[in-house]
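Data first, discussion second: the structure below is written as structure tokens.
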Amino acid sequence: MEKIEGSSSIENPRPWQSYHTVYTNAKAGMDGVDKEKVQRVVYEMSKGSKYFENEERKEVFIRQKIEHMHVRCAKLTSADLSHYQKVADKRVSELEVRRDLSRIWLHVDMDAFYAAVETLSDPSLKGKPMAVGGMSMISTANYEARKFGVRAAMPGFIACKLCPELIFVPTDFKKYNYYSDLTRKVLCDYDPNFMAASLDEAYLDITEVCRERGITSAEIAEELRSRVYEETGLTCSAGVAANRLLAKVCSDINKPNGQFVLPNERMAVITFVSSLPIRKIGGIGKVTEHILRDVFGINTCEELLQKGSFLCALFSHSTAEFFLSVGLGLGGTETPQVRFRKSISSERTFSATENKALLYQKLAEIAEMLSADMQKEGLHGRTLTLKLKTASFEIRTRAVTLQKYICSSEDILKHASLLLKAELPVSLRLIGLRVSQFNEDKAGAPSDPTQRTLTSFIMSGDASRKNAADRSSLGSDIRDHHFMDDQETSCSLGIHETIPDEVSDPFENNCVPNVDDKNHTFGDNVGEVEKIPQPSSSETAGKVHLVETDSSFLLQHAGNNHDRVEEEANIPNNEGVSSSNQTDQFFCWVDNYKCSLCGTELPPTFVEERQEHSDFHLAERLQEEESGSNSRFHTPRQRPVYKDRTASASHKKRKKLKSSRKEGTHIPIDTFFVKSNQNL
DNA sequence: GGGATAACTCTAG
DNA sequence: TTCCACTAGAGTTATCCC
């Protein structure tokens, strides 16, 4: 999507070629697929939709980030580069010292798991293109369907276009859990401490079983796959290597029903990763690949090492280290002990609506579902996060940390309603709720978050160091079999302001619809994780940060509901509403395209973004004026309550300025390099 | 300066 | 005809407060 906006089919006869979807990376069973055709169909089916427009917006921001990185690269002097080359060399040396070739890891991955299970249940599906899922989204597709370009995470209606004969089968997680359990019983014989990554994937340390039985890892893999087939009738693929990251890459090489063994020798590893595309690495997704390729010209893992100086110069320590370790073919080799879940959530998509009663009804339903899940697990948490997806696919999250641990649907709904209320009016297509910061009492009785526990007291001493160490030894997506003990989560004795639980509750005065109506259109609430209550050592009382950080908020709400803003935020009447007029006095769009103040390019079609952008400059100017008079910023904060997000106009403006991630020239460049799987 | 918190982003299955 | 899910973890930045 390099230049979709404004381009016609005459200017660009193949606009789909630049439409970056997640469907363009290689996937097992899709070698012979006509990729151009798939891209064209996906593009044709998507263009013009709200989803597509949002993808365009996201693409613009990524391009801006890439531009910023180009600029930063260009500013690096030879002295800088020389310095960062030394930094990179030192880190590579340190990483090399830590290379561990003593363990043998096997990654087992069931072939098209859900589809294979459905075919077992209904043999008439054999040989026919089939997908598990529905019109909105496909969970997985069998290999016959993949030949047409149909794949997981693809909307069903697009899949239909690619393969009109496609058979849809609804998901049935009872079945998948049953077959997953059968498989895991086999895995236990090879590594009782195996790490399940999902229902259909697991990592096994087969070092001991190889040694005890005196056979090779290839033989173990053959035997294991054969036993899984005998027990379940399902095929799987396996990868064997010295660490989990490489084992996962290897399991994909001879898929389906195959295996690949990478010898535990340094040279073999180095040779293997040298030509390996970075996208094959778990943790490097569409965006990271895009940036590494466009900014640094990096396509293979070897090039990560070659460009080490640039990576160390432009990325955070942990991110740069991850890239270098990938270049060296390093990954996790230790088996973590226990791991606890850190959050639990529930979200549902529905037809977009701005009907308040309907939105509160959806919220109530989700609160019910979440509460039921929490009670099943005996979980109580005190941070509640509301997730919203607007009709235009914009994602917002709003969170509150409470003084007490909650798990009842009433408590969840009470606080969630307050968060939602602050966002109204808005047209939404998704509402989600997440609870985190669980208590330590596994029996379920909420503990007092203000009281320090012995565990947290002991563990708090080197919290940050231990967290860093954990990250380097654990694949974060190993989430459902052995949860890491994260009791060392940092804590402090600092006293913070907290939300009184008896806070004035507008929800109680709201007309919240009767939640008895269970005939909602929500899909199955599926959880595939073995959940273990997580202790929390965070002992400080929470505080509220309900101040909007999205620059669009002030504008949106000032424009849509300025009465409320005026009343709640005490903002002068014309501050938000007429911002564009004020801005026009010192700001314009050069060539109707470029910001006269900062040079950010935004096409005329990006109406909302341009509005946000101009208001950003207005806010910036106002802030300058305020800081000149030096007044309100030094006023002590009031005790925070829910209305705090609009309690102080100056406060709000300041926060808005600093965290406006949508504002082109002020976007932190390297904020989004997440390596959730970096240690596999 | 550092811990806690909030918001956002990326990734994976 | 239908028109892009759900769950979870982790990293980064900004802000507040001590």
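We name chains A, B, ... by the order of the sequence lines, and we start the count at 1 in each one.
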Mind calculating the distance between [atom1] ([X]) and [atom2] ([N]) to the nearest angstrom?
X: A:His415; N: B:dT5; atom1: NE2; atom2: P; result: 16 Å
X: A:Arg434; N: B:dT9; atom1: CZ; atom2: P; result: 15 Å
X: A:Ile366; N: C:dT7; atom1: CD1; atom2: C1'; result: 13 Å
X: A:Met195; N: C:dA8; atom1: CE; atom2: P; result: 18 Å
X: A:Leu419; N: B:dA7; atom1: CG; atom2: P; result: 8 Å
X: A:Lys387; N: C:dG9; atom1: NZ; atom2: C1'; result: 13 Å
X: A:Phe61; N: C:dT12; atom1: CZ; atom2: C1'; result: 18 Å
X: A:Phe52; N: C:dC3; atom1: CZ; atom2: C1'; result: 14 Å

- If you pin A:Gly285 and A:Thr383 to their nearest nucleotides in DNA chain B, which one's is more 5'? A:Thr383
- Does A:Lys58 or A:Asp109 map to a spot on DNA chain B nearer the 5' end, using the closest nucleotide for each? A:Lys58
- Task: Determine the Euclidean distance between corresponding P atoms of B:dA12 and C:dC4; express it in Å to zero decimal places.
- Result: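 Their P atoms lie roughly 23 Å apart.
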Under 4.0 Å between any heavy atoms, over every strand shown, what does [X] touch: base, sugar-phosphate, or nothing? Just pick one.
X: A:Ile138; answer: nothing
X: A:Lys389; answer: sugar-phosphate
X: A:Ile281; answer: sugar-phosphate
X: A:Phe393; answer: sugar-phosphate

- If you draw the axis of the six-membered ring of A:Tyr43, does the NZ or CZ of A:Arg40 fall within 45° of it and under 6.0 Å from the ring centre? no
Closest listed nucleotide, where the reference is the side chain of [X] and the choices are [options]:
X: A:Ser318; options: B:dC8, C:dT12, C:dT7; value: C:dT12
X: A:Arg398; options: B:dA7, C:dA5, B:dC10; value: B:dA7
X: A:Met137; options: C:dA5, B:dT5, C:dT2; value: C:dA5
X: A:Ile344; options: C:dA8, C:dC6, B:dC10; value: C:dA8
X: A:Ser316; options: C:dT12, C:dA8, C:dC6; value: C:dT12
X: A:Tyr51; options: C:dG9, B:dT11, C:dC4; value: C:dC4
X: A:Met135; options: C:dT2, B:dC10, B:dA7; value: C:dT2
X: A:Arg279; options: B:dC10, B:dC8, B:dA12; value: B:dA12
X: A:Ser343; options: B:dT9, C:dC4, C:dA8; value: C:dA8
X: A:Arg396; options: B:dC8, C:dT7, B:dC10; value: B:dC8

Phosphate oxygens OP1/OP2 of [N]: is one of them under 4.0 Å from a side-chain N or O of [X]?
X: A:Ser136; N: C:dA5; value: no
X: A:Gln437; N: B:dA4; value: no
X: A:Thr401; N: B:dT5; value: no
X: A:Arg341; N: C:dA8; value: yes
X: A:Thr349; N: C:dC6; value: yes
X: A:Ser198; N: B:dA12; value: no
X: A:Thr319; N: C:dT12; value: yes

Any ion pair linking [Y] and [X] (charged N to carboxylate O, less than 4.0 Å)?
X: A:Asp252; Y: A:Lys255; value: no
X: A:Lys175; Y: A:Glu118; value: yes
X: A:Glu365; Y: A:Arg348; value: no

- Query: Should A:Leu388 and A:Ile395 count as side-chain neighbours, where that means a heavy-atom distance under 4.5 Å?
  - Reply: no
- Message: Would you compute the distance between atom CG of A:Leu314 and atom CD1 of A:Ile291 and round it to the nearest 0.5 angstrom?
- Response: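 Here the interatomic distance stands at 11.0 Å.
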- Closest-nucleotide ordering on DNA chain C, the 5'-leading residue of A:Ser49 and A:Glu347: A:Ser49
- A:Asn54 and A:Ser392 side chains, donor-acceptor separation under 3.5 Å: no
